[in-house]
Q: 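I have a structure I would like to understand better, so I am pasting it below and will then ask my questions one at a time.
The first residue in the sequence is number 1, and the count goes up from there. In listed order, ligands and their atoms are each counted from 1.
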Amino acid sequence: MKQYLDLLKHVYENGVDKMDRTGTGTRSVFGYQMRFNLNDGFPLVTTKKLHLRSIIHELIWFLQGDTNIKYLKENGVSIWDEWADENGNLGPVYGSQWRSWPTPDGRHIDQITQVMEQLKKSPDSRRIIVSAWNVAEIENMALPPCHAFFQFYVAPAQPEKGIMKPQLSCQLYQRSADIFLGVPFNIASYALLTMMVAQVCDMGVGDFVHTLGDAHIYSNHFEQTELQLSREPKPLPSIKINPDVKNIFDFKFEDFELENYEFHPHIKAPVAV
Ligand SMILES: Nc1nc(=O)c2c([nH]1)NC[C@@H]1CN(c3ccc(C(=O)N[C@@H](CCC(=O)O)C(=O)O)cc3)CN21
Ligand SMILES: O=c1ccn([C@H]2C[C@H](O)[C@@H](COP(=O)(O)O)O2)c(=O)[nH]1
């Protein structure tokens with residue numbers, strides 16, 4: 001995960017110190033891009049142990065259109081606890097916008113279903129997009145979306161080069177990026193989503209391109225950052241996905257198996273609320 005360590009080092013060494021909404025203080029840069037070829041292995045940070053469990057459950061939860069933390073709690077995932085109300089609700093966050101974006105005339109648009117249809121019927125389209133940034137509903141969300149907008153791209157098969165299937169790439173625009181805690185989750189989550197969509201569309205995978213707006217390290221993550229930068233990255237793991245799943249909404253936790261994950265010990269860090 002050289003790309004991630006380069007980002008961490010770049011912001012730590014060149015970022016500007018700035019106050020933020022949570023009152024913690026950050027060091028940040030504006031505008032940064034990483035690229036992960038998903039054929040090189042699964043981009044899971046190795047310089048600290050990451051809980052892929054939480055990441056998989058969160059992604060399944062988004063895809064079900066769920067915005068209440070009950071499912072996450074039942075599966076031992078606590079990453080959204082701080083933002084939920086007394087009933088576990090987060091307002092119309094990711095799941096709601098992905099699966100049921102409300103239109104002015106009272107309908108609801110399932111952006112994920114539309115994207116799956118576009119990929120099958122018009123893979124050359126330049127409009128294969130999901131947006132969570134619903135301006136009219138932001139005030140009702142517990143937190144405005146950070147991973148706000150993503151687009152898919154299909155490169156045709158190139159049999160002469162031994163590439164027998166079209167290759168699916170995905171680019172995400174993330175407006176605000178907590179580099180130490182959130183970004184390793186976001187990379188793994190979108191890499192996995194790209195692999196799942198590719199499987200269902202009978203495609204191979206290309207790149208996950210991760211574009212960041214305000215890319216910051218919280219000031220109470222500086223010590224953890226130094227520790228992480230002192231560690232040597234290990235080879236990337238891989239993920240086996242149950243090949244029988246042919247519908248993007250049918251994936252279950254048990255359909256994923258992480259293989260050959262070598263990692264350094266976990267590094268604890270407080271989350272800024
Ligand atoms: N400040 C901040 N950073 C974030 O990354 C973030 C938010 N807020 N708010 C909404 C979601 C929640 N996310 C989170 C929240 C907590 C962890 C976290 O504490 N991670 C720990 C352990 C996670 C676990 O239990 O699996 C870690 O070491 O990665 C990660 C992502 C990502 N988002
Ligand atoms: O998936 C996520 C969700 C959230 N974050 C981080 C980025 C910021 O540190 C906070 C959100 O605060 P804002 O003031 O709304 O920007 O959460 C993330 O990195 N990844």
Side-chain angles (χ1 to χ4, degrees), residues 1 4 7-8 11 15 18-30 32 34 44-62 66-67 69 72-85 88-91 93-95 97-98 130 132-133 135 137-150 172-193 208 210-225 227-228 231 253 258 261 263-273:
M1 286 289 282
Y4 173 75
L7 164 69
L8 194 62
V11 176
K18 189 157 100 92
M19 209 6 97
D20 78 289
R21 175 185 57 78
T22 68
T24 311
T26 62
R27 183 168 298 168
S28 64
V29 304
F30 185 58
Y32 192 93
M34 295 179 282
L44 193 64
V45 167
T46 59
T47 42
K48 71 173 186 188
K49 184 183 184 187
L50 263 188
H51 274 142
L52 189 66
R53 241 179 49 76
S54 304
I55 296 167
I56 295 174
H57 278 304
E58 188 199 40
L59 182 56
I60 291 174
W61 176 71
F62 290 151
D66 199 347
T67 57
I69 62 169
L72 298 176
K73 301 293 288 171
E74 284 169 359
N75 289 285
V77 177
S78 52
I79 58 173
W80 279 103
D81 289 8
E82 282 90 345
W83 291 272
D85 70 13
N89 291 320
L90 293 164
V93 292
Y94 305 100
Q97 303 306 335
W98 285 17
V130 175
W133 193 260
V135 176
E137 293 211 295
I138 283 172
E139 62 192 86
N140 302 323
M141 302 181 192
L143 198 67
C146 290
H147 43 103
F149 185 99
F150 56 104
L172 166 68
Y173 185 82
Q174 182 165 347
R175 65 161 181 90
S176 177
D178 174 348
I179 298 172
F180 193 82
L181 274 186
V183 170
F185 271 58
N186 298 129
I187 296 169
S189 180
Y190 278 86
L192 192 58
L193 177 63
F208 168 55
H210 197 176
T211 301
L212 310 179
D214 184 320
H216 49 270
I217 304 173
Y218 282 102
S219 58
N220 56 359
H221 296 167
F222 286 170
E223 250 177 61
Q224 291 91 327
T225 295
L227 173 59
Q228 204 171 5
R231 295 175 170 179
F253 182 75
L258 182 62
Y261 184 38
F263 48 81
H264 290 270
H266 183 246
I267 307 174
K268 251 181 118 77
V271 65
V273 180

Q: Report the residue from W98, F62, Y173, F208 that forms a ring pair (Phe, Tyr, Trp, His ring centres under 6.0 Å) with F150.
A: W98

Q: Classify the contact between S176 and ligand 2 as side chain, backbone, both or neither, using a heavy-atom distance cut-off of under 4.0 Å.
A: both

Q: Give the residue, atom name and distance (to 0.1 Å) of the protein heavy atom nearest atom 2 (C) of ligand 1.
A: D178 OD2, 3.5 Å

Q: Heavy-atom distance to atom 20 (N) of ligand 1: which of V183, L181, I179 wins?
A: L181

Q: Distance from L52 atom CG to L44 atom CG, nearest 0.5 Å?
A: 5.5 Å

Q: Please round to the nearest 0.5 Å and tell me the distance separating atom CG of L143 and atom CD1 of I138.
A: 10.5 Å

Q: State whether the shortest distance between N or O atoms of Y218 and N or O atoms of ligand 2 falls below 3.5 angstrom.
A: yes

Q: Heavy-atom contact under 4.0 Å between A272 and ligand 2?
A: no

Q: Which of the numbered atoms in ligand 2 are under 4.0 angstrom from any heavy atom belonging to R175?
A: 13 (P), 15 (O), 16 (O)

Q: Distance from W80 atom CH2 to W61 atom CH2, nearest 0.5 Å?
A: 6.0 Å

Q: Can you report which non-hydrogen protein atom sits closest to atom 29 (O) of ligand 1, along with the distance?
A: F185 CE1, 3.4 Å

Q: Give the atom numbers and elements of ligand 1 that come within less than 4.0 Å of a heavy atom of H51.
A: 24 (C), 25 (O), 26 (O)

Q: To the nearest 0.1 Å, how far is atom 14 (O) of ligand 2 from its closest protein heavy atom, and which atom is that?
A: R21 NE, 2.7 Å

Q: Can you list every pair that meets side chain to side chain donor-acceptor pair (under 3.5 Å) and has a residue in residues 174-186, with sequence neighbours left out?
A: Q174-N186, Q174-H210

Q: Is H266 close enough to touch ligand 1? Criterion: a residue heavy atom under 4.0 Å from a ligand atom.
A: yes

Q: Check the surroundings of atom CD in E223: do more than 12 heavy atoms from other residues, nucleotides or ligands lie under 6.0 Å from it?
A: no

Q: So, for atom 24 (C) of ligand 1, does the protein have a heavy atom nearer than 4.0 Å?
A: yes

Q: Is there a donor-acceptor pair closer than 3.5 Å between any side-chain N or O of R231 and the backbone N or O of T47?
A: yes

Q: By number and element, which atoms of ligand 1 are closer than 4.0 Å to a non-hydrogen atom of G182?
A: 5 (O)

Q: What protein heavy atom lies closest to atom 12 (C) of ligand 1? Include the residue and the distance to one decimal.
A: I79 O, 3.4 Å

Q: What distance separates H221 NE2 from L8 CG, expressed to the nearest 0.5 Å?
A: 11.0 Å

Q: What residue and heavy atom of the protein are closest to atom 6 (C) of ligand 1, and at what distance?
A: W83 CH2, 4.6 Å

Q: Suppose I only count heavy atoms of N186 and a 4.0 Å limit; which atoms of ligand 2 are within that range?
A: 1 (O), 2 (C), 18 (C), 19 (O), 20 (N)

Q: With heavy atoms of Q174 as the reference, note each atom of ligand 2 found under 4.0 Å away.
A: 18 (C), 19 (O), 20 (N)

Q: Might you check, step by step, whether the distance between atom 33 (N) of ligand 1 and some protein heavy atom is under 4.0 Å?
A: no

Q: What atoms of ligand 2 come within less than 4.0 Å of a heavy atom belonging to H147?
A: 1 (O)

Q: Can you tell which part of V273 has a heavy atom less than 4.0 Å from ligand 1: side chain, backbone, both or neither?
A: neither

